[in-house]
Amino acid sequence: MPIDLEKLNPEQQSGALYEGGPLLVLAGAGTGKTRVITYRIARLIEAGVPAERILAVTFTNKAAEEMRRRIEELCTGKGALVWAHTFHAFAVRVLRRHHELLKLPKHFTIYDQSDQKKLVTEAMKELGLEDQTNKAAMYVSIISRAKDDLLDAQSYAIYAATAVDSARQTASRIYTLYQKKLENAGALDFGDLLLKLCLLLKEHEQVRTYYQEYFLHLLVDEYQDTNHAQYILTKTLAAKHRNICVVGDDDQSVYSWRGANIRNILEFERDFKDAKVVTLEQNYRSTPLILEAAHKVIRNNKSRKVKKLWTEKTGGDSVQVVELPNEAEEASWVVRRIAILVEDGRSLKETAIFYRTNAQSRSFEEALRRAGLPYRIVGAVRFYDRKEVKDALAYARVILNPADSVSLGRILNIPPRGIGKTSLERLELYAAANGLTLWDTFCRQDQVPQLTASCRKHIDDLTALIRKLNSAAVELSAAGAIARILEDSGYWAWLTAETETDPEAVGRLNNLQELLNAVKEYEEKIKLAGEFIDLGRYLEQVSLQSDLDAYDPTQPCVTLMTVHLAKGLEYPAVFLTGLEEGLFPIGANNSSPEDLEEERRLAYVGITRAKELLYMTHAATRRTFGQVYANLPSRFILEAQLSLHSAPPSKQTFGVSAPAARPAHVVSYRVGQRVRHPSFGAGRVLELSGSGETAKVKVQFDDGRLTKLIVRYAPLEPA
DNA sequence: TTTTGATAACTTTTT
DNA sequence: GTTATCAAAA
């Protein structure tokens, strides 16, 4: 069946059909850019281009998956063949293929930022900088940015040598040692994935030529978010056929802090002199009033390509701006408003609350819980960042790559098996002195001085365990292997025993069960495509997974997320919150004009997510770090030229939000007492703290939830 | 060696 | 207001 282009407007069609080489599609928010990309790919396939020789790169797994799904819809059987990946997943796929050229182990580990931080801290200690290890996070970001800019440790050293300040020299020393440690561990960090791929293509002409010829067409989504490494990568891959199509919106570039360079999109026409430019300005998402507000804000930016979204839609409610006294009232107001929307027949899944920083989610969470409305927070505490999940995955990593010292260090004493801090120090000392990995020293613990006899035995037990699991993993699926790990390592048994003394262990057991379920689910999904997921494949996938990927927009609940995460999504009703100077835009006093423009783009992203209803809220005072600050309304509110004093939709919502202090008859509780809470249900008092007005109780509820409540305010009663 | 409790550092955004 | 890290106690 031929691809039906009738569904595209003329500009979209020209984007989908153009065949003359480099193409820039400037696609404003809600103008159907994914549609152009998928139709373009479908057209190419229809015209005879083999699907497997088309490369489409995105920034999120979700976007890649969506693209594959939509191609499949247009060309049955072809969706899975197209190389539709995130930049990082694409890099892993290619690096895995050529791992021996880069002297990497086949099962190289991918380090996330917490692994990076550990390694940087280690490096700093070895360099005698232990007094500054609180700056480890800063050095992690310096190193990551250097990698984004394709500066490896040597290049960075040259660059640092020319610098006047010694700080850069310090960074360079840390970078060099950190990189050595990564290599020893057989690990790559996120930045390395792209850096090493660029290196591979640069230094191995055969490989470069192969991929340059192989990919007949290259498409890049969200081009405004590409960093230098990604820029060089796409340019290199497109050098031969020059069929490069980049799609993006300079007004939605919000990742400069991660190395994204907005110039890549602004100067595409300079890079490709014969580039065709298609601009999409017809918006299919929002009402005209929402678009007007968005435009009034974004037009204040200097460095942008001038364009203006328009819509055929008419009417719609005006954008509401509401000022509340503090963040608790802000949350209550938003939640009350959502309740009204629901009464008016809207479904909860149509509503979303956006904020600038994750820390702001708490007050909304509390208000939603109090109101009994189901909600879902996307991105705050990633499932895969939970301690027990990380432990399980660390075992898995060690089994496939024992050189991975960070993971080995993590699990060597979990569950506690008598290999403590002092022993670890001695092992590490020996490892450093002899140029060995931690694992190597385990295997020859008899040569390591000063270890106690019991410790030596425990080390032998652990190495035997890892070897045994390693050979077992070959035969098992990923889920089978992880279940085996939890069993044989004694982790299950240990955590189960912990539940006796530590009520939070119950939740952790549940999370591990959830992990196993997730792995099984993933296996089932891939099995349909006829592939087997072993532990290696699974780990690869999971290291590149984000919380957003698991987000299911059809669930009947309110969605809470940062504005960054909201990019690419849309909701009928949007609450853009915390619009205050210093918070959104953040850090207003000492930020550069460029930073401010990025904040403005972020506000623009937030506004343009709304389809029908948009509420912008601002709290007059806000508690940050335990201190109360009075903030001015955000300049973005003023720029949107909406009245700050537009009447709140329902007056009676004010004043009822703060929990009224309960009368003075203070109930006293004792440990072990049964209690009842209107929204948490029944539970048991675990411990008491404070006295008088500040008396608190820690309660274990029967549904597994553990909460600390202030007796004076909590609607808690003896059961 | 392990657990507990205190304190300091943190918050911008994350593939 | 929290979480990670470090010191002291068991």
Side-chain angles (χ1 to χ4, degrees), chain A residues 57-64 85-92 110-114 116-118 121 130 133-138 140-141 144-145 147-148 189-194 221-222 225-227 229-230 253-260 327 354-363 366 378-382 384-385 387 413-425 452 454-455 458 498 501-502 542-549 561-567 578 582-588 591 595 598-599 601-603 605-606 622-628 689 708:
Chain A
V57 276
T58 62
F59 276 85
T60 66
N61 296 301
K62 203 177 164 63
H85 291 298
T86 63
F87 272 104
H88 292 86
F90 171 68
V92 170
I110 299 166
Y111 275 179
D112 65 14
Q113 60 272 57
S114 79
Q116 290 187 54
K117 201 174 157 195
K118 269 202 189 111
T121 309
E130 51 268 273
T133 49
N134 56 346
K135 287 191 189 153
M138 180 189 87
V140 168
S141 78
S144 302
R145 285 296 293 276
K147 289 182 176 182
D148 290 340
D189 61 22
F190 282 125
D192 273 342
L193 294 175
L194 299 168
D221 192 14
E222 307 274 17
D225 287 331
T226 49
N227 62 32
Q230 289 157 336
S253 166
V254 292
Y255 283 104
S256 75
W257 49 274
R258 223 173 63 192
E327 78 275 4
F354 300 151
Y355 34 77
R356 180 64 180 82
T357 69
N358 276 313
Q360 289 164 255
S361 70
R362 173 157 307 115
S363 44
E366 279 169 10
V378 183
V381 194
R382 286 172 67 228
Y384 296 100
D385 280 342
K387 187 178 171 302
N413 209 24
I414 299 180
R417 49 168 75 87
I419 311 172
K421 212 171 97 187
T422 359
S423 309
L424 179 60
E425 263 167 26
T452 62
S454 79
C455 177
H458 291 131
E498 285 283 290
T501 52
D502 180 2
V542 88
S543 351
L544 300 175
Q545 184 104 39
S546 78
D547 202 42
L548 187 63
D549 301 327
M561 61 173 84
T562 62
V563 192
H564 277 91
L565 276 184
K567 189 154 71 93
L583 182 64
F584 198 175
I586 206 159
S591 58
D595 290 341
E598 177 141 325
E599 291 295 309
R601 290 193 291 268
L602 196 55
V605 166
R622 182 176 295 273
R623 184 177 285 271
T624 319
F625 284 108
Q627 277 231 303
V628 178
S689 53
K708 211 166 189 178

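Since we're looking at a predicted model, the values are computed, not measured. Order of the sequence lines sets the chain letters (A, B, ...), proteins ahead of strands, with each chain counted from 1.
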Report task. List for me each residue that meets side chain to side chain donor-acceptor pair (under 3.5 Å) alongside His85(A), sequence neighbours excluded, and say none if there are none. Result -> Arg93(A)

Report task. Classify the nucleic acid contact of Arg362(A) as base, sugar-phosphate or nothing, counting any heavy atom under 4.0 Å across all strands shown. Result -> sugar-phosphate

Requested in this report: Step by step, work out the side-chain hydrogen bond (donor to acceptor under 3.5 Å, both in side chains) result for Ser363(A) and Glu366(A).
Outcome: CA-CA 5 Å; Ser363(A) 44; Glu366(A) 279 169 10; over 6 Å; no

Query raised in the report: Under a 3.5 Å cut-off on both pairing distances, which runs of 3 or more consecutive Watson-Crick or G-U pairs involve DNA chain B?
Result: B:1-10 with C:1-10

Query raised in the report: For Lys135(A) and Trp257(A), take the nucleotide of DNA chain B holding the closest heavy atom to each; which residue's nucleotide lies nearer the 5' end?
Result: Lys135(A)

Query raised in the report: Roughly, in whole Å, what's the span from CE in Met561(A) to P in dT13(B)?
Result: 15 Å

Query - Those residues that, when tested against Thr562(A), pass side chain to side chain contact (heavy atoms under 4.5 Å, CB included) (two or more places apart) - result: Tyr355(A), Asn358(A), His564(A), Leu565(A)

Query raised in the report: In chain order, what residues pass the side chain to side chain contact (heavy atoms under 4.5 Å, CB included) check against Ala64(A), with sequence neighbours excluded?
Result: Thr58(A), Arg68(A)

Query raised in the report: Is the NZ atom of Lys62(A) crowded by more than 12 outside heavy atoms at less than 6.0 Å?
Result: yes

Requested in this report: May I have the distance from Ile586(A) (atom CD1) to dC10(B) (atom P), rounded to whole angstrom?
Outcome: 15 Å

Query raised in the report: Quick one: side chain to side chain donor-acceptor pair (under 3.5 Å) partners of Asp189(A), sequence neighbours excluded?
Result: Lys147(A), Tyr178(A)

Query raised in the report: With a 4.0 Å cut-off on heavy atoms, is Phe190(A) in touch with a base, just the backbone sugar-phosphate, or nothing at all?
Result: base

Query raised in the report: Nearest-Å distance, CG (Asp595(A)) to P (dT13(B))?
Result: 15 Å

Scan nucleotides 1-7 of chain B against the protein and return all N/O pairs shorter than 3.5 Å with their distances rounded to 0.1 Å.
unit_1: dT1(B); atom_1: OP1; unit_2: Thr422(A); atom_2: OG1; d: 2.4
unit_1: dT1(B); atom_1: OP2; unit_2: Ser423(A); atom_2: OG; d: 2.7
unit_1: dT2(B); atom_1: OP1; unit_2: Gly418(A); atom_2: N; d: 3.0
unit_1: dT2(B); atom_1: OP2; unit_2: Asn413(A); atom_2: ND2; d: 2.8

Requested in this report: Could I get the full list of side chain to side chain contact (heavy atoms under 4.5 Å, CB included) partners for Arg623(A), not counting sequence neighbours?
Outcome: Glu327(A), Val628(A)

Report task. Could you list the residues that satisfy side chain to side chain donor-acceptor pair (under 3.5 Å) with Thr60(A), not counting sequence neighbours? Result -> none

Query raised in the report: How close or far is atom C1' of dT11(B) from atom CZ of Phe584(A), stated in whole angstroms?
Result: 15 Å

Query raised in the report: With sequence neighbours left out, what residues match Ser141(A) under side chain to side chain contact (heavy atoms under 4.5 Å, CB included)?
Result: none

Requested in this report: Output all residues satisfying salt bridge (Lys or Arg N to Asp or Glu O under 4.0 Å) with Arg417(A), sequence neighbours left out; order by chain, then residue number.
Outcome: none

Report summary line: Gln230(A) atom CD is separated from dT14(B) atom C1', nearest whole Å, by 12 Å

Report task. Using whole Å, report how far CG of Asn227(A) lies from C1' of dT14(B). Result -> 13 Å

Query raised in the report: Want to settle it: does Ala359(A) or His88(A) sit nearer the 5' end of DNA chain B, counting the closest nucleotide to each?
Result: Ala359(A)

Report summary line: Students should find that the nucleotides of DNA chain C closing off the region near chain A, any atom under 4.0 angstrom from a heavy atom, are dG1(C) to dT2(C)

Report task. Please list, chain by chain and in numerical order, all residues satisfying side chain to side chain donor-acceptor pair (under 3.5 Å) with Glu598(A), sequence neighbours excluded. Result -> Ser256(A), Arg601(A)

Query raised in the report: Between atom OH in Tyr355(A) and atom C1' in dT11(B), what is the gap in whole Å?
Result: 13 Å

Requested in this report: Can you tell me, in whole Å, how much space there is between the C1' of dT11(B) and that of dC6(C)?
Outcome: 22 Å

Query raised in the report: Atom CD1 in Ile419(A), atom OG1 in Thr452(A): separation rounded to 0.5 Å?
Result: 9.5 Å

Query raised in the report: Rounding to a whole Å, what distance do you find between Leu583(A):CG and dC10(B):P?
Result: 18 Å

Query raised in the report: Is the phosphate of dT14(B), meaning OP1 or OP2, less than 4.0 Å from a side-chain N or O of Thr562(A)?
Result: yes

